[in-house]
Trainee: 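Could you have a look at this structure, given as structure tokens, before my questions?
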Amino acid sequence: MRFAGFGPEAEPMKYQRFDYPECYQTDHVQVLDIETLSPANEDGSFPPWPLHEPVCCSVLSQKKIGDDYAFGIETIDFANERAGLRRLFELLDPGATLVTWNGRGFDVPVLQLAASRQLLFEDNALRTAWMAPRWAITHADLAELYGRFGGAGRPSLANICKALGIDAKTQGSGDSVAAMIADGREQQVFRYCEEDVAITWLAWLHYAASRYASPSKLAHPLAAFDRWLADDTDERFSHLMHLRDLSLFRDAREADPIFRLDRLILQAERRAALANMRPSAM
């Protein structure tokens with residue numbers, strides 16, 4: 001028996017899996033977000049993406065190891081653009097699913113253009129994401145996935161998080177990056193970027209659980225992330241601790257043992273089925 005959800009109203013039920021083109025692997029993902037500077041338009045509109053230069057890039061990495069998950073969050077300073085790109089090339093794993101919010105239309109082309117500006121023409125995971133067609137399963141652009149590729153418009157990350165009950169943009173906004181840089185508050189920009197990859201990852205978990213009709217794809221990694229944050233004794237990620245107060249995290253902490261037991265039962269059933277398929281001993 002499986003569970004359709006978790007939280008106070010979760011009920012056991014059978015569900016059905018379907019196969020659609022959006023077959024992203026979910027065990028190893030990297031969530032990417034950038035903050036940029038650009039010349040201001042006279043009419044106050046958002047400048048075209050080729051005019052943006054990266055200030056920093058944050059990457060949240062989640063990788064399943066055994067029955068648990070390893071996490072990491074790194075922010076790359078682009079004060080030296082060439083060195084920043086080199087570090088990004090090292091950090092991005094071609095075997096991971098790259099997750100972004102509007103990354104296909106902004107983050108990835110901005111970074112790839114910066115690589116061209118620095119004459120860094122080489123094969124790497126960023127180039128792969130830049131060249132990938134819209135339906136490629138190596139890059140999950142959540143702005144497209146939640147907007148159903150234009151069928152439901154292009155929602156903002158803030159609005160999706162609001163609908164999901166996730167506190168977002170507590171460290172600032174993209175519009176305030178230039179002012180923070182001018183005031184010498186680069187560290188606040190970095191914290192803002194790290195919060196963005198964290199909430200983008202939460203939006204990804206909701207999408208993955210819905211896509212695969214598998215609530216454990218939300219509860220299991222979320223509970224592991226909660227433990228990872230709790231172990232942050234040096235308070236490196238203190239600006240993310242407010243996320244642990246969300247009811248979503250509380251529900252995941254309560255549901256995770258149930259899903260662990262569910263997986264063990266399923267594994268035992270599969271082993272028993274395989275044993276029954278073996279020829280009888282002669």
Trainee: In terms of hydrophobic clustering (I, L, V, M, F, W, Y; side-chain heavy atoms under 4.5 Å; direct or indirect links), are Leu92 and Val99 co-clustered?
Mentor: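 Looking at the clustering, Val99 is in a separate group from Leu92.
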Trainee: Hey, does His139 have a side-chain heavy atom less than 4.5 Å from the side chain of Leu98?
Mentor: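 A side-chain contact exists here, since the closest heavy-atom pair is under 4.5 Å.
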Trainee: So, His239 versus Phe190, ring centres under 6.0 angstrom or not?
Mentor: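 Distance test on ring centres: not under 6.0 Å, no.
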Trainee: May I have the step-by-step check of side-chain contact (heavy atoms from CB on, under 4.5 Å) for Val177 and Thr36, ending in yes or no?
Mentor: CA-CA 8 Å; Val177 168; Thr36 63; over 6 Å; no
Trainee: Verify the cluster assignment for Trp228 and Val59: are they in a single hydrophobic cluster under the rule of side-chain heavy atoms below 4.5 Å apart?
Mentor: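 Each belongs to a different hydrophobic cluster.
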Trainee: Looking at Cys56 and Phe78, what are the two nearest heavy atoms and their distance?
Mentor: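 Heavy atoms of Cys56 and Phe78 come nearest at CA-CD1, 3.9 Å.
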Trainee: Report, as yes or no, whether the 6.0 Å neighbourhood of atom CH2 on Trp130 holds more than 12 heavy atoms from other residues, nucleotides or ligands.
Mentor: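 No, not enclosed.
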Trainee: Using the rule given for side-chain contact (heavy atoms from CB on, under 4.5 Å), can you reason through Trp204 versus Val29, listing the C-alpha separation, both sets of side-chain angles and the distance that settles it, and then say yes or no?
Mentor: CA-CA 10 Å; Trp204 157 257; Val29 303; 3.8 Å; yes
Trainee: Can we say Arg127 and Asp123 salt-bridge, meaning some charged N sits less than 4.0 Å from an Asp/Glu carboxylate O?
Mentor: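 Salt bridge between Arg127 and Asp123, a charged N being under 4.0 Å from a carboxylate O: yes.
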Trainee: Quick check against the 3.5 Å criterion: does Asp33 have a side-chain atom that pairs as donor or acceptor with the backbone of Ser58?
Mentor: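 Not a single qualifying donor-acceptor pair exists.
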Trainee: Please report the C-alpha distance between His242 and Glu195 in whole Å, then the side-chain angles of each, then the deciding distance to 0.1 Å, and finally whether the side chain to side chain donor-acceptor pair (under 3.5 Å) criterion is met.
Mentor: CA-CA 10 Å; His242 68 280; Glu195 184 186 51; 3.3 Å; yes
Trainee: Quick one: closest heavy-atom pair of Ser38 and Pro47, and the distance?
Mentor: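 In terms of heavy atoms, the two residues are closest at OG-CG, 3.2 Å.
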Trainee: Please list every donor-acceptor pair under 3.5 Å in which a side-chain atom of residues 179-187 meets a protein atom from a residue at least two apart or in another chain.
Mentor:
from   : atom 1 : to     : atom 2 : distance (Å)
Asp183 : OD2    : Arg185 : NH2    : 3.1
Arg185 : NH1    : Gln188 : OE1    : 2.9

Trainee: For Glu235, does the CD atom sit with more than 12 other heavy atoms under 6.0 Å from it, leaving out its own atoms?
Mentor: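 Check fails, neighbour count at 12 or below.
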Trainee: Taking all non-hydrogen atoms of both residues into account, name the closest pair between Asn102 and Ala143 and its distance.
Mentor: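 Between these two residues, the closest heavy atoms are N-CB, 3.5 Å.
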Trainee: Begin with the C-alpha distance, continue with both residues' side-chain angles, and end with the deciding distance and a verdict on ring pair (Phe, Tyr, Trp, His ring centres under 6.0 Å) for His206 and Tyr146.
Mentor: CA-CA 10 Å; His206 280 83; Tyr146 272 97; 8.3 Å; no
Trainee: If I compare all heavy atoms of Leu218 with all of Leu248, which pair ends up nearest, and what's the gap?
Mentor: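 Reported closest heavy-atom pair: CD2-CD1, 4.1 Å.
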Trainee: May I ask whether Leu145 and Val197 are part of the same hydrophobic cluster, defined by side-chain heavy atoms of I, L, V, M, F, W, Y residues being less than 4.5 angstrom apart, directly or through others?
Mentor: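 Linked within one cluster.
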Trainee: Calculate, to the nearest 0.5 Å, the distance between atoms CZ and CD belonging to Phe121 and Gln112 respectively.
Mentor: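 One gets 9.0 Å once the value is rounded to the nearest 0.5 Å.
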Trainee: What about Trp201 and Ile137, same hydrophobic cluster or not, with Ile/Leu/Val/Met/Phe/Trp/Tyr joined at side-chain heavy-atom distances under 4.5 Å?
Mentor: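 In one cluster with Trp201: Ile137, yes.
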Trainee: Spell out, as yes or no, whether a donor-acceptor pair under 3.5 Å connects the side chain of Gln30 to the backbone of Asp93.
Mentor: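 Yes; at least one donor-acceptor contact below 3.5 Å.
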Trainee: Would Val31 end up clustered with Tyr212 when hydrophobic side chains under 4.5 Å apart are linked, directly or stepwise?
Mentor: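 Yes, because Val31 and Tyr212 connect within a single hydrophobic cluster, where side-chain heavy atoms sit under 4.5 Å apart.
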Trainee: Please find the pair of heavy atoms, one from Leu111 and one from Cys57, that lie closest to each other, and give the distance.
Mentor: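 Scanning both residues completely, I find the closest heavy atoms to be CD1-SG, 4.5 Å.
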Trainee: Ignoring hydrogens and angles, tell me if any N or O in the side chain of His220 forms a donor-acceptor pair with the backbone of Asp67 under 3.5 Å.
Mentor: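 Checked: pair present.
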Trainee: Can you name the nearest heavy-atom pair linking Leu202 to Leu243, along with the distance?
Mentor: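 The answer is CD1-CD2, 4.3 Å.
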Trainee: Say you draw a straight line from CG of Asp226 to CZ of Arg253; how long is it, rounded to the nearest 0.5 Å?
Mentor: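 CZ of Arg253 is found 4.5 Å from CG of Asp226.
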Trainee: Can Phe106 and Ile34 be said to form a side-chain contact (heavy atoms from CB on, under 4.5 Å), step by step?
Mentor: CA-CA 9 Å; Phe106 185 74; Ile34 65 173; 4.0 Å; yes
Trainee: In this structure, are over 12 heavy atoms from other groups packed under 6.0 Å from Met241 atom CE?
Mentor: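 Correct, the count exceeds 12.
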Trainee: Looking at side-chain heavy atoms only, is the closest gap between Asp196 and Trp101 below 4.5 Å?
Mentor: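 No, their side chains stay 4.5 Å or more apart.
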Trainee: Between Phe71 and Phe237, does the ring centre distance come in under 6.0 Å?
Mentor: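 Distance test on ring centres: not under 6.0 Å, no.
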Trainee: Ignoring hydrogens and geometry, is there a side-chain-to-backbone donor-acceptor pair from Gln62 to Thr26 under 3.5 Å?
Mentor: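 At least one qualifying donor-acceptor pair exists.
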Trainee: Does Leu120 offer a backbone N or O that forms a donor-acceptor pair with the side chain of Gln118 under 3.5 Å?
Mentor: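 Judged by distance alone, no pair lies under 3.5 Å.
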Trainee: Supply the atom-to-atom distance Leu222 CG to Arg250 CZ, rounded to the nearest 0.5 angstrom.
Mentor: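 Reported to 0.5 Å precision, the distance equals 12.0 Å.
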Trainee: How long is the span from the CG atom in Leu164 to the CG atom in Asn159, to the nearest 0.5 Å?
Mentor: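 The distance works out to 11.0 Å.
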Trainee: Within the side chain of Asn124, is there an N or O that forms a donor-acceptor pair under 3.5 Å with the backbone of Phe89?
Mentor: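 Side chain of Asn124 to backbone of Phe89, a donor-acceptor pair under 3.5 Å: no, none is there.
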Trainee: Under a 4.0 Å threshold between the charged nitrogen and the carboxylate oxygen, would Arg191 count as salt-bridged to Glu194?
Mentor: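 Arg191 and Glu194: not salt-bridged.
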Trainee: Measure the shortest side-chain to side-chain distance between Arg211 and Cys23 over non-hydrogen atoms and say whether it is less than 4.5 angstrom.
Mentor: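 Yes - at least one pair of side-chain heavy atoms lies under 4.5 Å apart.
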Trainee: In terms of relative ring orientation, are Tyr207 and Tyr24 parallel, tilted or perpendicular, with 30° and 60° separating the classes?
Mentor: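 Judged by the thresholds at 30° and 60°, the geometry between Tyr207 and Tyr24 is perpendicular.
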